[in-house]
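Heads up: numbering here begins at 1 and tracks the sequence.
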Amino acid sequence: MKIRGRNCTQTVEFSLMGFAGNPELQLALFTAFLVVYLMTLLGNLGIIILIRTSPQLHSPMYYFLGNLALVDLLYSTVVTPKLLSDLVRQKPLSYVGCVTQVFVFGVFLVTECFLLATMAYDHYMAVSHPLHYSVLMSPRLCVQLVGGSYLAGLLNGMGQTIGMLNLSFCGSVVVNLFFCDLSLLASLSSSDSTLTSLIMTVPTFLFGVSSSLIMLVSYIAIVSTILSIRSAEGKCKAFSTCASHLTTVSIFYGNGLFVYLKPSSLKLREEDKWVAVLYTVVTPMLNPLIYSLRNQEVKEALRRLRARKIT
């Protein structure tokens with residue numbers, strides 16, 4: 001399928017080269033990425049099922065964690081199956097497929113940012129207002145916070161899609177990455193990408209900065225509360241409440257800032273691809289491990305579930 005564009009025929013297929021330049025490593029890469037993806041599926045589905053079937057995990061914190069697991073599962077699925085397919089047999093992605101990937105990835109990326117911010121606010125309430133926590137974090141508020149996160153993601157996805165539709169491409173488009181990244185596609189476009197760049201910059205500032213501020217303010221308040229606790233045991237307990245979330249935020253934003261704040265370029269260095277792998281493929285696998293290995297309530301719920309199955 002081709003669409004007549006501005007002074008040229010708009011290409012509707014994109015060759016996602018990814019790791020095609022390393023044929024001798026493709027079998028090893030396929031095996032590694034398949035294992036990671038299967039662990040992502042099992043880990044995140046396991047967290048979702050465990051939370052739904054364990055009454056002791058029916059609290060705001062685990063409601064947010066369940067949604068985080070769902071988002072991790074979905075945005076990994078947007079990227080990884082195509083990556084695995086291309087390692088077996090290189091096949092161009094259609095224009096509609098690329099637009100869909102840009103939209104869905106844009107939705108879940110920002111949704112995850114706000115879910116992490118919501119979880120930071122939840123931890124602040126748990127640490128700073130433990131006696132009134134169940135009242136302050138009512139079921140209605142939790143649904144509104146999660147719904148707002150998905151709404152922000154949807155707005156970002158729509159903006160990213162408009163930016164993509166504004167671009168024109170001539171000839172065969174070779175993308176030196178394993179997924180359709182709008183900032184890279186803008187640099188490959190044969191048309192003026194000013195509007196697209198603006199569409200990418202404004203949501204990044206609005207959504208990225210606002211979610212980061214929520215987390216920053218929440219953790220400043222948490223640290224202030226922890227420092228006011230007199231007993232060492234109380235301080236350790238309060239800090240352990242936030243440890244898993246802090247680890248997840250550090251990994252997510254560390255990789256994300258490197259990928260999205262570096263100057264766009266026609267050529268990606270090989271290390272840039274591996275950072276993108278960490279960001280899009282590995283991180284969704286790590287989150288359920290972080291929360292299950294460091295969380296005593298999750299371990300206890302898993303132990304009870306196993307005991308129930310045995311009996």
Student check: side-chain heavy atoms of Tyr150 and Phe114 closer than 4.5 Å
no

Taking the side chain as everything from C-beta on, heavy atoms only, tell me whether Phe33 gets closer than 4.5 Å to Val277.
yes

Met119 and Leu68, any side-chain heavy atoms less than 4.5 Å apart:
yes

Within the 4.5 Å heavy-atom criterion, are Pro60 and Tyr133 side-chain neighbours or not?
yes

Between Ser76 and Val281, is there a side-chain heavy-atom distance shorter than 4.5 Å?
no

Answer yes or no: is there a side-chain heavy-atom contact under 4.5 Å between Ser218 and His123?
no

Going through the distances and angles, do Thr225 and Ser128 end up as a side-chain hydrogen bond (donor to acceptor under 3.5 Å, both in side chains)?
CA-CA 6 Å; Thr225 300; Ser128 301; 2.8 Å; yes

Could you grab the distance from atom CZ of Arg140 to atom CG of Leu145, nearest 0.5 Å is fine?
12.0 Å

If you count heavy atoms of other groups shown closer than 6.0 angstrom to CE of Met158, is the number above 12?
no

Please work out which of the three classes, parallel, tilted or perpendicular, describes the rings of Phe105 and Phe179, given edges at 30° and 60°.
tilted

So which pairs with a foot in residues 26-47 pass side-chain hydrogen bond (donor to acceptor under 3.5 Å, both in side chains), sequence neighbours left out?
Tyr37-Thr77

Write out all pairs satisfying salt bridge (Lys or Arg N to Asp or Glu O under 4.0 Å) with one or both partners inside residues 86-106, taking only residues at least two apart or from two chains.
Lys82-Asp86

Do the two ring centres, one from Trp274 and one from Phe19, sit under 6.0 Å apart?
yes

According to ring pair (Phe, Tyr, Trp, His ring centres under 6.0 Å), who are the partners of Tyr219, at least two apart in sequence or on a separate chain?
His245

Side-chain contact, heavy-atom cut-off 4.5 Å: Phe178 with Leu16?
no

Looking only at the side chains, is there a donor atom on one of Tyr253 and Ser211 sitting less than 3.5 Å from an acceptor on the other?
yes

Would Phe169 and Tyr95 count as a close aromatic pair, with their ring centres under 6.0 Å?
no

Are Val143 and Tyr62 joined in one hydrophobic group, where the rule is that I, L, V, M, F, W and Y side chains link up if heavy atoms are under 4.5 Å apart?
yes

Measure the spacing between CE of Met215 and CD1 of Ile220 and express it to the nearest 0.5 Å.
12.5 Å

What are the two closest heavy atoms between Ala120 and Ile222, and how far apart are they?
O-CD1, 4.0 Å

Heavy-atom side-chain proximity of Arg304 to Ser54 below 4.5 angstrom
no

